Each structure stands twice: as C-alpha cells, then as structure tokens.
Amino acid sequence: MVDAAASWAVGTLLDITIEEVKFLYGVKDKVVDLEWDLKRMRYFLEDADKWPPERYESANVRSLVSEFIDLATRAEDVLEEYAVEVTSKRGERNFKGMLERFACILCECWDVHKIGKEIEGIMSRVAELTKKLESISKGEGSSSFGCNDNQQLLRQTYDHEIEEHFVGMKKDIKSLVLRMQNDDRSSRVISICGMGGLGKTTLARKIYHHKDVRSCFDTRAWVCITQKLQAEAIFQEILRKLLPGENINEGETIKFMVPKIVNVMKEKKCLVVLDDIWEIDHWNILKKAFPFAESNSKILLTTRNQRVADTAGFVYELGCLTEDESWDLLKKIALPIQMQSEAISKEFEATGRQLVRKCGRLPLAVSVVGGILRGQQNPEDWKKVLKNMDAYLKHGEGVDANDKRVEQVLNLSYNVLPYYLKLCFLYLGCFPEDKNINVEDVYLIWMAEGLISSDHQGRNETLSDVAERYLNELASKCIVQVKLIKTDEESFKSCRLHDLVRDLCLSKGKEDKFFEDSQGKIRRLTINLGDTDACSVVQFKKANLRSLLLLPNWRLDSNDITNIWQDLLNNALLRSLKVLVLEHCKFEDDKLPHDVRKLVMLKHLSIRYSDVREVPEFVCKLPCLQSLDLRSAIDITLPNSIGKMGRLRHLFLKLSSSVIDDGRLGLEGLTELETLIGFSSRFCHTKHLLKLTNLRRLGVIVHDIESLSVVVDHMTKLKDQLREVSLKINVRDDLSSEQGSLVIDSLMHCPLNSLSINGKLRRLPTWDPQLLHNLGYLHLSGSEIVEDPMETLQHFPTLRTLLLGVGSFVGTEMVCGSKGFTQLKSLTLWGLRNLVGLRVEEEAMPNLSDLWIGFCPKLEMIPEGMISMASITNLTVSGMSDNFMERLRRGGEDYSKISHLQFFHLDYGP
C-alpha cells in the first residue's frame with residue numbers, strides 16, 4: 001500500500017530532521033508549520049492504512065501519494081543537507097551545539113533564505129495533496145467495498161469440500177490425530193500455524209473428517225473466520241452444527257448464544273474447527289464460548305499469526321512439502337492417471353522438479369502450476385511454463401481467476417501488516433534471493449533509513465529494541481522466517497523470505513515506489529558483484545540513492561571494484577546516501593575509495609569481510625555516521641579518532657585490530673554508544689569502558705585478570721540495561737588463583753548470553769545456575785577441571801550450546817542426570833583425553849539435535865542413552881579410536897542407530 005511509504009517518509013522527517021534545525025532564526029516558524037502539515041498528513045495516511053485496498057487502488061490516488069513520498073523525502077534531504085553544510089563550514093564537532101551557537105550569525109545568511117523558500121514550496125504542495133486525497137477519500141463512498149466482500153466470500157471454507165489432489169502430510173495427520181484423541185488438558189486447543197498457501201485448511205479438514213477423530217466426539221462444527229470477524233454469525237453457525245435439530249433464531253444475541261454453546265460443550269464432547277483466525281482480538285472474543293476447564297471438548301484452529309497460536313494453546317507449525325511430495329502433487333494435477341503410473345522421461349521429470357522448486361514447494365503454488373499444465377503432455381510445453389513462471393505466479397497472467405490464488409493469498413498477508421511494518425518488510429527485498437540475512441544488519445539498516453519510529457519506543461527502549469520487535473511481529477505473522485544459524489566462526493540470528501514471499505516483496509516495492517521514486521530514479525540498489533550483468537553502468541544513470549548494498553558471490557579483482565565505484569560516482573547522485581554496505585569487496589591497495597568522504601549523509605557504513613587494511617581518518621569525520629562495522633577480512637589498522645565520534649551508536653571492531661600510532665584505542669568519547677562488539681583488552685583501553693554507560697550490547701575479549709576484573713565490574717553495574725553480552729576470556733594467568741577465582745565466581749552477577757573461557761580453572765566456579773538465566777552458549781578449554789562439570793551445568797535453564805574443548809575436563813567419568821540439560825541443542829566433546837565413560841540417564845537432553853565427538857581416545861562408544869535419542873539429527877565424529885569408529889561403520893554394532901540421521905560424518909583420519 002502506498003500510504004505506508006508516505007507515512008514512513010513523514011515519520012523519518014519528524015524523527016530525524018526537524019529537531020536538529022527548527023531552532024534556526026528565520027526558519028523556525030516555517031519548520032514548525034511544515035511539521036504540523038506533515039503530522040496531519042501522517043495521521044490521515046495511517047487511518048487510510050486500515051481501509052480495504054480497493055478503496056484507493058486507482059492510478060490517480062497512487063500518483064498523488066507517490067508524489068507526497070517524494071516531497072517528504074525532499075524535505076528531509078533539504079533540511080539535513082543544510083545542517084551538514086553548516087557543520088562542515090564551521091568545523092564544530094558538536095552537531096546541534098554548533099548550530100545553536102551560531103544561530104544569530106546565520107539568520108542573515110543566504111542559505112537560511114534559500115532553505116526557507118524550499119520549505120515554503122514543499123508546504124504549498126503538501127497542502128494541495130492533502131486536500132486532493134481527503135476529497136478522494138470522502139468521495140469514494142461505501143461502493144468500493146463490494147470487491148472486498150467478494151474476496152471474503154471466495155476465501156470462505158466449508159467442511160464438506162474435498163481436496164481432489166492430496167499428497168504428503170502423513171506425519172502431520174498422524175501427530176494431530178493422536179493429539180485429538182488425547183484428553184490431556186494441554187491439548188484442549190490445537191493451532192495449525194504457518195504462512196499462507198501451506199495447506200493449513202486442507203490439513204484441518206483431513207483431521208476433521210478422520211474416522212478416528214469422528215469416533216472421539218459426539219458432535220462437530222466447522223466455521224470459517226477470515227479477516228472480517230462477524231461474531232454473531234460465527235456463534236450461530238457453531239450452534240447450528242452442534243445442535244442440528246434445534247431451531248436457531250437469527251435474531252439471537254451473542255449474550256444469549258455464548259452460554260448455550262458453553263452448556264452444549266459441557267454436556268457433549270465437541271470438536272469445533274475455527275478456520276483462518278487472523279487476530280488475537282478475534283480469538284479473545286470467540287474463546288469466551290468454550291469452557292476449557294470444565295469440558296473434554298476440543299478446538300482446532302488454523303492461523304498465519306504465530307501470536308494467535310501461542311496464545312491459544314498447543315502449536316503445530318506446518319512446513320512446506322518435500323521436493324518428492326511436491327513432484328507427486330504436480331503429477332497428480334497435471335498428468336492423466338495412466339501417465340502418472342508410467343515411467344516418465346528424465347527430461348520431463350527434471351523440468352517438473354525445477355517447476356516445484358520455483359514454487360518454493362508451497363502446495364498452493366504447485367496446485368496452481370499443475371492447473372496451468374493440465375493436459376499438456378509435451379516436455380516443451382512444461383519448459384515454456386517454467387520460463388514464464390514469474391508471469392503466472394506473480395501476476396496471474398494467462399490464467400483464469402481461480403489460478404490467481406497465489407497472488408491473492410500472499411497479498412492478504414501483506415495487506416494486514418500495519419503501516420510501520422510494510423516498509424521494513426519491503427526492505428528485505430533488497431537482500432539477495434536465498435540469503436540468510438543477519439538480523440543485526442537488518443536492524444542497523446532499518447534505523448539508518450529511518451524506518452524505525454521513535455513513537456514506538458517504550459520506557460528504557462532503544463531504536464534497536466523497537467527494530468527487534470518489528471522483526472518479531474513480521475515473523476509472528478508468518479511472512480518472514482527467523483532462525484538461528486551456526487557456522488564455524490559464529491552463531492547468529494537470521495531471517496529470510498520464502499521465494500514467493502520475496503517475489504511479493506519486490507512486486508509491492510515496485511508498486512509503492514520503494515525502490516524507485518515517481519520519476520523513475522533509483523532509491524535503493526543492491527549489486528551482486530559476481531553478476532556481470534548487474535554491474536552494468538546503465539542502471540546507475542538514473543539514481544538518487546539512499547541505500548547501496550554491494551554483496552558479491554565471490555571476490556572480484558580490485559580494478560573491477562574501482563571501475564564500478566567510479567561509474568557510481570559519475571552517474572548517480574550519492575550525496576543523499578544513508579546506507580553503504582561493502583561486503584567481501586577487494587579494493588585497490590586495500591584502501592577504501594577516497595570519494596567515500598563525500599557521503600556526508602551516510603549513517604551506516606559496513607566493510608565487513610572486505611580487504612581493507614587501514615581505516616582512513618576521513619571515515620571518522622563523516623558527520624551523520626551512527627553505525628560502523630569494521631570487521632575487515634584482514635588485519636586492520638584503526639585511527640584513534642574513532643573514539644571522538646560522538647554520534648556513533650553502534651561499533652563493530654575486528655579482534656585482531658591495531659591502532660595507527662601503535663598505542664591503544666581510546667573510546668571514552670563514544671558516550672552515546674549502544675552496541676560495542678569486538679572490544680579487546682589488547683588494543684583498547686579497558687578502563688574507557690567505564691565511560692560507556694548507554695551500552696545495550698557488548699562483545700568483549702580479555703587477556704589478563706586485571707582487565708577481566710574491570711569488565712566484569714562494569715557489566716555488573718549495567719546489568720539492568722544490557723540486552724546481550726558475549727565474553728571471551730583468553731588468559732595465561734592462573735584463573736584458579738585467589739584473585740582469578742573471585743573474578744570468575746562474580747561472573748554469575750553479569751547478564752551473560754555467551755561465555756568462552758580458555759584458561760586454568762581447576763574447578764568449576766561456584767555459580768548459581770538461576771542467576772545465569774540468560775546463558776545460552778558456554779565454551780570451556782584448557783580449564784583442567786577435575787570434578788564432573790555436568791553435575792552443575794545440567795541445571796542451567798537456558799543453555800543451548802555446550803562445548804567442552806581440549807583440556808577442559810581431565811577427569812574420567814561424566815554423568816548427564818535425569819531431566820538435565822532441558823534446553824541443550826548442541827553438545828561438543830573435543831580433546832578430552834582422559835574421558836573413559838559418559839552416562840546419559842533417562843530423559844536427559846530431550847532437545848539435543850547436534851552431537852560432535854572428537855579426539856577422546858579412551859572413549860570406546862557413544863553412550864547408549866545418547867545414540868538412541870530421537871531428537872538427534874546431526875552427528876560428527878573425528879579422530880576417535882579404531883574400536884569406536886568400527887561400531888559406527890556400515891555393519892557395525894551401532895550403525896543401525898545412526899543410519900537414519902539427516903547428517904552424519906565420520907572422519908577416520910589418515
């Protein structure tokens with residue numbers, strides 16, 4: 001919806017620009033007036049965001065709102081650029097303080113007159129647009145809702161409908177049928193949750209009609225909710241189904257019907273299916289009719305809103321079909337019965353499997369493509385459809401109305417997003433297809449672009465907290481997928497889009513002028529430097545960039561990067577650039593392009609994994625920079641002036657950095673800093689941490705006990721505000737000394753999420769597991785602990801990853817007690833040379849999925865209690881004894897116990 005973009009543009013101007021320049025004499029009144037006009041327009045657009053799409057889908061309305069977006073962006077650029085110019089002329093380091101000091105001098109300046117005229121022009125046009133849009137909104141009338149009502153009717157589902165072609169979901173059906181038969185109170189309400197098009201309704205209908213389910217209930221009812229909740233009609237339908245012989249009065253009120261439903265559900269064992277619940281409020285209204293505590297009746301609901309599912313009860317998350325299931329479904333729909341049973345040519349099957357992959361294994365999309373292919377038995381016809389998949393699935397071109405279901409279903413997920421989420425969602429389309437996107441990058445870019453509204457900040461919340469909440473909302477609505485990614489070097493929370501959802505994202509971004517303005521000038525550009533076509537200079541010629549991401553698949557020659565960068569400078573307006581990401585880039589002489597100094601509006605700069613050996617001084621003079629990622633691919637030298645960037649809020653350093661003057665990096669001037677990752681006591685002044693009192697995220701490595709003591713003390717003081725803390729201790733000092741033990745023991749008062757200790761402990765610290773209630777990752781090496789560490793560690797309530805590395809435990813026996821390690825997902829035992837036995841008692845580690853065992857020469861076998869765990873999916877074994885490996889080889893004693901795993905790797909060594 002275009003109003004989302006306009007609301008965002010207004011919010012950006014109000015949040016970022018106005019407060020910085022409205023005190024200027026001669027401009028103040030005009031800026032305040034502009035603020036009021038834009039606020040009024042924002043409120044209007046936020047209200048319009050709740051209308052059905054059909055009310056303002058006309059080209060006329062789109063054109064007007066698109067122009068308003070351009071005006072709001074222009075206003076932001078004019079005011080912000082002017083403020084930056086003044087700063088650079090006067091050489092004042094304090095941005096706002098300098099402007100206040102020289103306001104009286106500037107009042108007669110021609111620049112003030114110029115900005116005043118610009119604002120007058122913007123205000124005049126904003127007023128005209130506001131009148132036109134308000135006039136259109138009043139003139140539309142209620143007739144525009146007819147199309148929306150038809151869409152509601154098309155989405156209505158009924159229990160008697162039968163899916164003609166059905167594949168897969170055997171495990172889903174079996175699991176849910178068992179849940180329906182179980183009288184456990186935790187299964188009174190069962191939610192089937194997932195993105196649109198997965199087949200939630202189809203699965204619910206299979207459960208509803210399953211013979212084992214029918215035999216469990218005295219009576220059943222199926223009702224469809226959809227986006228427009230009509231509670232009276234729904235309660236009437238439930239009563240009609242549960243009491244088929246009774247005459248239900250159309251005029252009966254909810255107040256009368258709810259007690260009646262409650263009574264029948266107490267007297268009889270009922271099954272009620274609520275298909276397609278969209279909002280928590282809808283569920284809260286409906287659930288009052290269901291007596292969960294006093295009845296054995298059950299509710300089965302389907303939703304694409306994770307929060308509805310979490311609120312309701314037991315959640316069953318539905319996933320996509322496998323490729324084989326998708327191929328079977330396509331064959332059933334597209335091919336005649338006799339051909340399905342015949343051998344299909346490899347060429348035919350290869351094309352079919354490409355088609356289902358293009359559908360993202362989404363059942364609805366596969367069904368639509370199958371309908372398009374029905375009756376076409378020539379492989380060339382299938383290849384033609386494959387070539388034109390975008391037209392079929394994105395736009396419904398060349399297909400009948402019924403086959404436009406994919407577009408319609410996914411559009412619903414987008415249309416119900418509140419205005420502040422739409423633009424955040426659209427930005428995800430800037431990232432390459434099939435890429436796991438680090439959510440940390442997403443938050444920083446959203447903030448730099450002004451997509452995060454300060455209006456939504458709660459008490460003691462930062463914009464990063466709001467950004468995290470935005471992403472969680474998108475995930476809860478099943479339009480964005482979020483998961484934890486583990487690599488050899490790091491673990492990070494990532495998000496990604498299903499292929500078809502990404503297509504929707506790009507389509508809506510184009511409609512809403514997110515990637516280009518109304519004049520066709522490029523606003524946001526992502527260049528895959530591994531794709532030579534993408535590097536064509538043609539696309540740079542029309543650009544007024546706010547965001548530029550250079551994300552290569554492989555490393556290019558430095559000359560190629562130089563040429564691309566020069567083409568950008570020569571052909572695109574980069575002065576208004578807010579976001580610049582140079583990832584995995586190789587530059588000439590391993591230096592940043594000198595012209596980066598011209599990007600005076602830049603708020604986010606990342607050179608992560610790029611070949612930059614030295615950060616130039618001019619980076620520290622970019623006046624608007626708020627986030628800076630300096631995690632270069634090679635060792636990097638930093639200027640000490642980084643510590644004077646008073647506006648910096650997010651700083652990421654490389655642990656192997658050094659400072660230009662061979663001293664230590666001073667950070668005492670970064671008083672606004674909220675994120676500090678990569679702080680090392682080797683090249684940073686540790687005591688300067690004490691000046692950083694606004695920290696919310698902290699990643700530190702310390703190399704001596706004195707620095708550790710300072711860090712622990714500071715973390716303890718900030719424990720109520722720190723959201724995420726990662727601490728690595730890599731010391732040669734004896735941590736078992738009196739001073740070391742005191743400091744290590746005091747770690748339990750720090751809000752740690754991740755802890756790595758490489759140093760002699762000799763004993764596990766006297767930690768209270770309940771105080772370390774956020775610790776999810778623990779890595780011990782060289783600790784030389786004699787007593788079994790499992791006895792303490794198994795009680796840590798949130799521990800998900802445990803690595804016991806070389807020399808961490810020098811004893812011979814470890815025991816994982818019953819019901820211990822309830823949240824542990826990954827366990828690594830590496831280099832424990834004295835370990836002879838490991839016993840895993842019943843119900844220990846119920847969620848363990850990844851197991852790594854290596855170089856434990858005295859361990860003869862994987863413990864029986866561990867190898868039989870159904871939860872384990874990945875096993876890696878390396879450098880173990882011949883007997884240990886023999887048991888796991890094909891034909892060995894334990895082979896049958898690991899052969900079912902999704903992944904297992906046995907490294908037999910040289």
Side-chain angles (χ1 to χ4, degrees), residues 655 664 676 679-693 695 698-720 722 725-799 801-815 829-835:
L655 289 173
R664 290 196 176 192
L676 176 58
F679 182 95
S680 169
S681 64
R682 276 191 179 153
F683 75 91
C684 297
H685 284 289
T686 307
K687 290 186 178 180
H688 287 181
L689 271 180
L690 304 178
K691 303 273 187 167
L692 310 183
T693 57
L695 289 173
L698 181 60
V700 180
I701 181 169
V702 293
H703 299 275
D704 59 88
I705 292 180
E706 184 179 350
S707 296
L708 177 61
S709 179
V710 173
V711 169
V712 170
D713 182 58
H714 193 52
M715 287 194 299
T716 303
K717 288 178 181 177
L718 300 181
K719 65 179 180 181
D720 292 333
L722 285 168
V725 177
S726 172
L727 174 62
K728 293 183 179 180
I729 302 170
N730 185 17
V731 300
R732 294 183 178 179
D733 304 334
D734 189 351
L735 290 170
S736 64
S737 67
E738 182 178 356
Q739 181 189 8
S741 294
L742 286 173
V743 177
I744 293 295
D745 285 347
S746 66
L747 281 173
M748 68 177 171
H749 300 293
C750 299
L752 291 169
N753 301 89
S754 172
L755 174 62
S756 299
I757 301 178
N758 179 17
K760 293 180 182 179
L761 292 173
R762 304 195 187 280
R763 64 170 179 83
L764 203 63
T766 55
W767 291 331
D768 180 350
Q770 299 309 311
L771 289 178
L772 285 170
H773 54 81
N774 290 322
L775 188 64
Y777 176 98
L778 178 62
H779 180 188
L780 300 178
S781 59
S783 311
E784 299 184 6
I785 296 171
V786 177
E787 297 181 0
D788 181 3
M790 299 297 191
E791 185 175 344
T792 298
L793 298 180
Q794 67 184 341
H795 299 298
F796 280 56
T798 56
L799 194 62
T801 301
L802 175 61
L803 287 83
L804 296 179
V806 176
S808 58
F809 174 62
V810 295
T812 58
E813 298 281 342
M814 291 195 297
V815 178
L829 306 175
W830 201 264
L832 306 182
R833 296 201 158 270
N834 294 335
L835 184 64

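Source: prediction; values computed, not measured. Throughout, residue positions are numbered sequentially from 1 according to the sequence presented.
The two atoms that bring Ser736 and Ser741 nearest to each other are O-OG, 3.3 Å, heavy atoms only. When all heavy atoms of Thr686 and Ser707 are compared, the closest pair comes out as OG1-OG, 3.4 Å. Closest of all the heavy-atom pairs between Pro797 and Pro769 is CD-O, 3.5 Å.
The backbone N or O of Asn753 sits nowhere less than 3.5 Å from a side-chain atom of Asn774 that would complete a donor-acceptor pair. Using a distance-only test at 3.5 Å, with no hydrogens or angles considered, no donor-acceptor pair links the side chain of Thr716 to the main chain of Cys750. Side-chain atoms of Ser709 never come within 3.5 Å of backbone atoms of Ile705 as a donor-acceptor pair (strictly under, hydrogens ignored).
The line from CG of Leu804 to CZ of Phe809 is 9.0 Å long, rounded to the nearest 0.5 Å. Ser737 contributes atom OG, which lies 11.5 Å from atom NZ of Lys760 (distance to the nearest 0.5 angstrom). Distance check: Leu698 CG to His714 NE2 gives 7.5 Å after rounding to the nearest 0.5 Å. A distance of 11.0 Å separates CG of Asp768 from NE2 of His795, quoted to the nearest 0.5 Å. Once rounded to the nearest 0.5 Å, the distance linking CG of Leu747 with CD1 of Ile744 reads 5.0 Å. In this structure, the separation between CG on Leu832 and OG1 on Thr812 is 11.5 Å, given to the nearest 0.5 Å.
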Audit row: Ser746, Val712, side chain to side chain contact (heavy atoms under 4.5 Å, CB included) steps and yes/no: CA-CA 8 Å; Ser746 66; Val712 170; 3.4 Å; yes
Steps toward side chain to side chain contact (heavy atoms under 4.5 Å, CB included) verdict (Ser756, Ile729): CA-CA 6 Å; Ser756 299; Ile729 302 170; over 6 Å; no
Intermediate values then yes/no, side chain to side chain contact (heavy atoms under 4.5 Å, CB included), Met748 and Leu771: CA-CA 6 Å; Met748 68 177 171; Leu771 289 178; 3.9 Å; yes
Working for side chain to side chain contact (heavy atoms under 4.5 Å, CB included), residues Met814 and Leu829: CA-CA 11 Å; Met814 291 195 297; Leu829 306 175; 4.0 Å; yes
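Within 6.0 Å of the CZ atom in Arg763, the count of heavy atoms belonging to other residues, nucleotides or ligands exceeds 12. Residue-environment remark: CD (Glu813) exceeds the threshold of 12 foreign heavy atoms within 6.0 Å.
Residues Leu735 and Arg762 have side chains not in contact (no heavy-atom distance under 4.5 Å, counting atoms from C-beta outward). With a 4.5 Å cut-off on side-chain heavy atoms, Leu755 and Tyr777 do not count as touching. In this structure the side chain of Val702 reaches within 4.5 angstrom of the side chain of Ser681, judged on heavy atoms. Counting heavy atoms from C-beta on, the side chains of Leu676 and Leu692 come closer than 4.5 Å. Counting heavy atoms from C-beta outward, Leu772 and Leu752 have side chains that approach closer than 4.5 Å. Between His703 and Ile701, some side-chain heavy-atom pair lies under the 4.5 Å cut-off. The shortest side-chain heavy-atom distance between Leu780 and Leu803 does not fall under the 4.5 Å cut-off. Residues Leu690 and Val710 meet the side-chain proximity criterion, which asks for heavy atoms closer than 4.5 Å.
Ring pair His688/His685 is tilted by interplanar angle, where 30° to 60° counts as tilted.
Using a 4.0 Å cut-off between a side-chain N of Lys or Arg and a carboxylate O of Asp or Glu, Arg682 and Asp704 do not qualify as a salt bridge.
Looking only at atom types and distance, the side chain of Asn758 has a donor-acceptor partner in the side chain of Asn730 under 3.5 Å away.
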